[in-house]
Every structure is written in C-alpha cells, then in structure tokens.
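Here is the structure we will look at.
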Amino acid sequence: MPVPSIELKGITKTFGHIVANENINLSVNRGEILAILGENGSGKTTLMNMIAGIYYPDEGHIYIDGKEVNINSPKDALDLKIGMIHQHFKLVDVFNATENIILGLQEDKYDIKAASKKIQDTCQRYGFEIDMNKKIYEMSVSEKQTVEIVKTIYKGADILILDEPTAVLTPQETQKLFAVLRKMREDDKTIIIITHKLHEVLEISDRVSVLRKGKYIGTINTADANESLLTEMMVGEKISLDIERTDPKNTADRLIVKGVDLYNKEGVQVLHDVTFTAKSGEILGIAGISGSGQRELLEAIAGLKKISGGEILYNNPSTNETENLKDKTPLQIRNLGVRLSFVPEDRLGMGLVGNMDIIDNMMLRSYRKGKSVFLERKKPKELANRIINDLQVVTPDAKTPVRRLSGGNVQKVLVGREIASSPTVLMAAYPVRGLDINSSYMIYNLLNQQKENGVAVIFVGEDLDVLIELCDRILVVCAGRVTGIVEGRTAKKEEIGLLMTKMKVKEDKDNG
C-alpha cells in the first residue's frame, strides 16, 4: 500500500476556549485531488493553515511522505514542497507576473530572462494561459489566481492547497482551472481543495473529507457520493437542496432604471448607460465578475452614490405616484421602502457597529421613531430575538456585541434586519457570502417569502447555479455595462458566463 503524501494524526488546535480542530485524522494520496467540505466554523481553513505553516497544532502529528515533520512557518512548508493558494491573493500590484513569481528567490532575481523561460515551460506543461509581462493591477481575478498557482509550482511545490479557488470565477474560467488541476494530478501532484460548491466537488475531486464543528466526520470516494449525502455528512441531518421557485404573481414595474451613468471618486466611469426594470413579486438576479459595477449600481439606487446621467424611477405603491430617486437622500429612499442589504467582505465595515450589541444594531434603523429623548428598546429587542431564533444565530444572547459573533452570524443579523423592515424593494448583495449550506438555504427561503409578499427583490450573487435556480430573470453586467437579461428558468450557465466576460455587440433590430 503506498505511503500517503500527507497524513494527519490527532491534530487539535484551539484559540482560547474555542476548539477549531479536535483530534483530526486525515490522509491525502500522491496524484489525488481531495476536497475538504464543512459548514462555516467547521475548521477547514484552520486545518489547512497548519499544513501550510501559518498555524502550529496544539496536539498531534503531521507526516509528509511517511516522515513526521514540524512545520513552523510557510518557509518550512515550502521546503517540504507544500504551497497554499489563499482566497486573498498575496501579490504586488505594481509588479508584473514574472516579477511576482520570482519575488524572494535569490537565484533568479538577477536573471529575468532565464526565469521567464523556466516560467514559460511551467505554463506550457500544465496549460496555463497568462501574459507574464502584464501588471497585476491590470489582471482579472482569474489571471491573478493563475499567477499565484504558477508562483507556487515554480517555487517547487508538489502539494498544493487551494482555498475556495472558484469563488469568483466564471464557469468558463472554472473549467480552465479544473483542466489545469487534472494535468497536475496526472503529474503526480497532491491537490487539496476547500470549497462549498457541491457540484464542483463531485466534478473535480477523487475523494471528499468532511469536517463538522471542528471534528473529522469521514472520507468518501467521490464516485460513491451525491449532494444529499455530502450535505447530511456536513450538517448531521438531511436538508432539502431544492430552492422553491414559484411563478411571479401580480407583478408591476416597481423600479425603473434608465440610462444610468456613474463615475467613481477617481473620475473613472464605472456604470455605462445601465437600463433595466425590477418588478414586484419577482426576484431579479444580477450576475457579473467581481468588480463589474454590481456594488456601485445598488449604492446608486440606495442614494449612496450620485449618478451623473440617467434616472432611477420608483413607482410608489402607497401613493400610486412615480418618484425619481436621483435627487433624494439615502434616508428619504429608505423611508420609501427601498432597502439595501449589502454583505461586503468586511461585514462590520458597512451596516453594523461591531461594539454595539444586537439590540442596539436593530435600533440603528428605528431610533428616529422615538417620541421622546429616551430611546425605545422594546421593539428592537423583540426584533433581535426574532432574528436570533428564525435564522439560528449562534450567540449567548441579544446583548452580545456583534464583533464577538462569527462572520456567518454577523451576516444573518445584517440580512435579517433588512428583511424585517418590510421593504417594497429589497436589494440583497451577496447575502450568503461565506455562509454554510444550511444557513444559505434559510436566506433563499426568506428572499422567496419576500417575493411572495409582493416585494421587488434584487439579488446579487456569485454562484450561477443558485442564480439560475432562484431568480425569475437575471441581469448580466460586464465592466459596468448591461450585456444581457436572461430568463432564470431557461438560462444556461455557459450563456451567462459568456455575457459576464464578453462585451455583447448591440444589434440594431430595425436594420435587421
């Protein structure tokens, strides 16, 4: 029987009283792609960080090719031919690809030409497509990820750990990455992927290991797995993976965006002639590569950014009047019922105050309604407790400061508060970013309930499978322009992926 490339025995890691990993036993074979699955807080990234030399285990042993090792730093890991590609890339923006790849390597820094030749050989061997002279700040997310992987291989790694490698890739970019990973597997490299996309796990991996609440649950051959089985292993119970999508009823044009242009503070145009309509009783999805203008579009609708051209019209169901949101303040827009629930990578950077408890964060939306100098806390407290119960927020109580909650639980508080405000237009941007599968489906169901209540829901998501399954229509944006609107029930991922990456030539229908 061959010796495993990596073997973990009894690995335990704690942070204060929090047990991130408890007595983990795990092995990965040479020439294998292993997927690591688990809910938020299950300890996946922590465990991989110990192999990569970022953390050191409190207990247990790590074996590489049958030999016990001590990995005290990323340099120790690289000396053992281990490299990790993190979600947030570690590249120097003003350097080109070649300069980033050889950065820190003494033997190559004085001979760029020779280094370029070696890098090109690596790229040809595995099928990487990248312009080595291109600056990092000019690159797409996919290109930056390619540089990170090439850099790791170039530095000698034959054990690669990828943390959520497809999180912001289009379907076409994902397939290119998978083709490269398969070639690396054929070259006898060991590959570990952390991901939450079950269909990708089933497509690319040879085996799947599952963690739950810091404990090792088991490993299964991918050929014997399906989404239901993997989900049950992850959460400990069966969950319905079907997003119920009802047909829109009694729809009406609620929000009409016409020819909107927007410039950022540097004077760069980020939205170009954006036009679409959001209807009540419907979920309108927005798809696009990260940074294509999704955030700016929602902030413009919410009044947080001032548009330079076009108009944003709101058909008010209370007065049956049409109002232009262009010159209104964010507070005036909120009072009309247009609510933005944005989940940025820094969840405490927008919408919630970390040092305040959950009740006080509810009061941020209601304190103006007080009729005296004393703040009214009864209703915010009731709302806080309702969100905690309905969304299963893990917290000692409603008086716990938000900054003490995990990222996923902060997210539930943020989304739950906006949904509880009874909006007429709900803009939910990345509401399940970083959430485990159980919590994600809770949010999807909440959005569907809003749709059933006649709310116009605008949903910005990263997972095209979810967008297709949840949304009635999907608006696709590329570089701040609308490149198409497709029907959710008939859309194909490949079709959306092309619209996300390729500027669609506008055809003059009148001229045939």
Side-chain angles (χ1 to χ4, degrees), residues 245-262 271-288 293-342 365-366 368-369 415 417-429 431 446-461 467 470-477 480-489:
R245 174 170 52 196
T246 57
D247 292 331
K249 299 174 185 175
N250 303 318
T251 60
D253 293 352
R254 183 67 62 228
L255 194 70
I256 303 166
V257 176
K258 290 184 179 180
V260 164
D261 295 323
L262 177 69
L271 295 179
H272 305 258
D273 192 27
V274 172
T275 299
F276 68 92
T277 300
K279 300 179 179 181
S280 60
E282 175 191 71
I283 299 180
L284 174 68
I286 298 182
Q294 304 97 309
R295 174 175 184 158
E296 289 83 358
L297 175 58
L298 298 197
E299 289 179 344
I301 295 171
L304 299 173
K305 292 255 192 324
K306 288 300 178 184
I307 62 177
S308 58
E311 54 186 5
I312 302 170
L313 304 178
Y314 171 69
N315 290 329
N316 193 332
S318 301
T319 63
N320 291 322
E321 294 180 354
T322 299
E323 307 194 41
N324 195 338
L325 304 185
K326 180 177 178 180
D327 297 319
K328 294 189 181 297
T329 67
L331 180 58
Q332 289 172 329
I333 293 171
R334 278 192 56 82
N335 289 339
L336 287 171
V338 180
R339 305 298 170 93
L340 170 60
S341 175
F342 188 89
R365 292 296 191 225
S366 63
R368 291 183 180 88
K369 296 178 181 178
V415 175
R417 184 185 66 185
E418 299 307 319
I419 289 176
S421 65
S422 301
T424 53
V425 177
L426 175 64
M427 297 181 289
L446 284 171
L447 295 179
N448 263 321
Q449 288 172 20
Q450 295 298 302
K451 167 186 165 180
E452 292 288 310
N453 292 338
V455 175
V457 179
I458 300 176
F459 171 78
V460 180
L467 280 163
L470 176 68
C471 302
D472 299 294
R473 291 182 301 136
I474 302 169
L475 174 84
V476 188
V477 293
R481 291 179 170 87
V482 175
T483 52
I485 299 178
V486 298
E487 294 293 324
R489 289 163 180 77

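Being a predicted model, the structure only gives us computed values, none of them experimental.
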Starting from the C-alpha separation in whole Å, work towards a yes-or-no answer on side-chain contact (heavy atoms from CB on, under 4.5 Å) for Arg245 and Lys451. CA-CA 10 Å; Arg245 174 170 52 196; Lys451 167 186 165 180; 3.9 Å; yes

Quick one, Glu487 with Arg473, criterion side-chain contact (heavy atoms from CB on, under 4.5 Å). Give me CA distance, side-chain angles, the key distance, then yes/no. CA-CA 5 Å; Glu487 294 293 324; Arg473 291 182 301 136; 3.8 Å; yes

Go through Val260 and Ile301 one step at a time and tell me if the side-chain contact (heavy atoms from CB on, under 4.5 Å) criterion holds. CA-CA 10 Å; Val260 164; Ile301 295 171; over 6 Å; no

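Proximity of Val425 to Leu336: side-chain heavy atoms (C-beta onward) are nowhere separated by under 4.5 Å. Leu475 has its side chain within reach of Val482: a pair of non-hydrogen atoms, C-beta onward, lies under 4.5 Å apart. Residues Leu470 and Asn448 meet the side-chain proximity criterion, which asks for heavy atoms closer than 4.5 Å.
Of all the heavy atoms in Ala428 and Leu447, the pair that sits closest is CB-CD2, 4.1 Å. Between Leu298 and Val460, the closest heavy-atom pair is CD1-CG2, 3.7 Å. The shortest heavy-atom contact between Leu262 and Lys306 is CD1-O, 3.1 Å. A pairwise comparison of heavy atoms in Thr251 and Gly281 identifies CG2-O, 4.2 Å as the closest pair. Here the closest non-hydrogen pair linking Gly285 and Cys471 is CA-SG, 3.5 Å.
We find that Asp472 and Arg489 are joined by a salt bridge, their nearest charged nitrogen and carboxylate oxygen being less than 4.0 Å apart.
Going from atom CG of Leu284 over to atom CE of Met427 covers 11.5 Å, rounded to the nearest 0.5 Å. For the atom pair Phe459 CZ and Leu426 CG, the distance stands at 11.0 Å (nearest 0.5 Å). Atoms CD1 and CD1, on Ile485 and Ile474 in that order, are 11.0 Å from each other to the nearest 0.5 Å. Separating the CG atom in Leu313 from the CD1 atom in Ile256 is a distance of 5.5 Å, to the nearest 0.5 Å. To the nearest 0.5 Å, the span separating CG on Asn315 from OG1 on Thr322 amounts to 4.0 Å. We find the CD-OG1 distance between Gln450 and Thr424 to be 10.5 Å, quoted to the nearest 0.5 Å.
Heavy atoms of other residues, nucleotides or ligands lying less than 6.0 angstrom from NZ of Lys258 number 12 at most. Around NZ of Lys249, the count of heavy atoms belonging to other residues, nucleotides or ligands within 6.0 Å does not exceed 12.
Judged purely by atom type and a 3.5 angstrom limit, Ser280 uses its side chain to pair as donor or acceptor with the backbone of Ala252. In this structure, Asn453 contributes its side chain and Val455 its backbone to no donor-acceptor pair below 3.5 Å. Under a 3.5 Å cut-off, the side chain of Gln294 and the backbone N or O of Gly288 do form a donor-acceptor pair.
Each of Leu297, Ile307, Ile312 was scored for a side-chain contact (heavy atoms from CB on, under 4.5 Å) with Val274, with one residue passing: Leu297.
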